[in-house]
Amino acid sequence: MSIKINQAEFVISNTDVRLCPQPNMPEYAFIGRSNVGKSSLINMLTNNKKLAKISSKPGKTRLINHFLIDKSWYLVDLPGYGYAKVNHNARDQFQKFISRYMTTRENLTNVFVLVDSRHEPQGIDLDFMVWLGEHGIPFSIVFTKLDKLRKTQSERFITNYKREMLKMWEEMPPYFITSSVDGTGKEEIIQYIREINDTVDYSDY
Ligand code: GDP
């Protein structure tokens with residue numbers, strides 16, 4: 001049997017964590033730099049070509065977008081960070097908004113940090129993961145656009161990224177190699193979420 005998402009429904013978009021849906025199901029947030037391939041990944045995971053709007057103007061959508069998946073968990077599409085054209089003030093606001101969501105959302109189960117495999121490790125991603133670690137927020141890395149690399153290049157990329165991570169971390173967090181073009185990594189991510197969901201005690205909510 002193939003591992004897939006059967007139903008994905010848009011629920012609500014918010015700028016305020018207090019207005020998010022009742023935290024009564026496990027929640028998985030997806031975040032990364034603008035253009036990392038987040039919308040494409042969400043659409044791939046949910047088998048829906050239009051669920052997350054691809055290439056909405058970078059830095060413009062400052063919304064927490066909730067999708068209900070198979071009536072059993074929330075997928076949250078967060079705005080892309082690190083868009084060069086936003087000014088410092090906008091960036092501070094953005095950081096506050098994200099940190100408020102991350103630190104107060106009680107059903108937040110895991111954050112998927114998306115990393116573009118075409119670039120060297122970026123400070124903004126590494127810093128963000130350190131911040132998550134400092135706040136005790138579980139996360140995993142999703143490497144995107146692996147179809148753009150040949151096998152040897154992708155192996156080199158992962159080795160290099162691990163080396164960079166191990167400068168700050170005792171071990172590499174869980175990670176996924178993905179391509180929204182050919183579907184690589186899709187089943188692994190869905191399976192990973194299901195396994196975590198199986199361990200979640202719903203009476204906690
Ligand atoms: P977002 O800004 O993070 O939501 O990124 P998008 O999903 O809009 O993707 C940004 C650009 O990267 C678009 O031109 C996509 O077609 C392209 N892209 C996204 N994912 C992949 C992928 O897995 N492989 C390739 N080759 N291109 C991708």
Side-chain angles (χ1 to χ4, degrees), residues 2-5 8-15 27-67 69 74-86 90-91 93-95 97-98 101-102 110-129 131-132 139-158 160-161 174-193:
S2 76
I3 300 162
K4 65 185 187 78
I5 284 172
E9 302 162 69
F10 170 73
V11 182
I12 193 168
S13 292
N14 278 302
T15 51
E27 182 155 311
Y28 296 82
F30 290 75
I31 192 166
R33 290 192 305 140
S34 304
N35 223 31
V36 68
K38 181 166 51 68
S39 310
S40 306
L41 184 91
I42 291 172
N43 293 342
M44 168 182 85
L45 290 174
T46 57
N47 305 311
N48 186 325
K49 289 198 177 67
K50 288 183 293 204
L51 200 67
K53 280 196 206 102
I54 296 195
S55 291
S56 47
K57 202 166 177 211
K60 204 181 165 204
T61 40
R62 306 203 172 287
L63 295 170
I64 306 168
N65 302 294
H66 271 82
F67 299 94
I69 308 298
Y74 285 119
L75 184 157
V76 172
D77 182 7
L78 293 170
Y81 55 66
Y83 184 56
K85 281 194 183 135
V86 302
R91 200 157 61 207
Q93 286 304 322
F94 177 70
Q95 279 167 359
F97 155 82
I98 293 296
Y101 165 78
M102 296 273 171
N110 190 63
V111 177
F112 289 99
V113 180
L114 275 60
V115 169
D116 194 325
S117 62
R118 294 170 312 164
H119 306 303
E120 291 289 302
Q122 304 281 308
I124 190 162
D125 295 324
L126 299 169
D127 291 350
F128 180 63
M129 290 188 258
W131 183 88
L132 289 172
F139 71 92
S140 343
I141 304 178
V142 176
F143 295 113
T144 63
K145 309 187 189 178
L146 259 298
D147 58 282
K148 296 232 183 193
L149 301 183
R150 287 194 303 271
K151 195 164 184 291
T152 47
Q153 289 176 308
S154 77
E155 281 163 4
R156 206 176 308 133
F157 168 80
I158 299 295
N160 185 36
Y161 211 92
Y175 67 91
F176 300 91
I177 289 171
T178 71
S179 162
S180 303
V181 170
D182 63 22
T184 301
K186 175 177 170 172
E187 294 198 346
E188 286 80 358
I189 293 177
I190 295 171
Q191 183 66 20
Y192 177 73
I193 291 172

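Both ligands and their constituent atoms are indexed starting at 1 by order of listing.
Contacts of V181 with ligand 1, taken as heavy-atom pairs under 4.0 Å, involve both backbone and side chain. The side chain of K148, and not its backbone, has at least one atom closer than 4.0 Å to an atom of ligand 1 (non-hydrogen atoms only; side chain from C-beta on).
Residues satisfying the salt bridge (charged side-chain N to carboxylate O under 4.0 Å, His left out) criterion with D127, sequence neighbours excluded, are absent altogether. In this structure, E188 has no salt bridge (charged side-chain N to carboxylate O under 4.0 Å, His left out) partners at least two apart in sequence or on a different chain.
A distance of 6.0 Å or more separates the ring centres of F128 and F139.
In the candidate list D147, I42, L149, D147 is nearest to atom 24 (N) of ligand 1, counting heavy atoms. Closest to atom 17 (C) of ligand 1 by heavy atom, among R33, K145, R118, K38, is K145.
Counting only heavy atoms from C-beta outward, the side chains of P79 and F97 approach each other to under 4.5 Å. For the pair Y101 and V76, the minimum side-chain heavy-atom distance is below 4.5 Å. In this structure, the side chains of F30 and L45 come closer than 4.5 Å at one or more pairs of heavy atoms.
Between S39 and ligand 1, at least one N/O pair is under 3.5 Å apart. Looking at ligand 1, you'll find an N or O of S180 within less than 3.5 Å of one of its N or O atoms.
Per-residue contacts place V36 under 4.0 angstrom from the following atoms of ligand 1 (heavy atoms of the residue considered): 3 (O). Which parts of ligand 1 touch N35 is read off a 4.0 Å heavy-atom cut-off, strictly below it: atoms 1 (P), 2 (O), 3 (O), 5 (O), 10 (C), 11 (C).
Using modelled atom types, one finds a donor on one side chain and an acceptor on the other under 3.5 Å when comparing S140 with N110.
Contact annotation: S179 has at least one heavy atom less than 4.0 Å from an atom of ligand 1.
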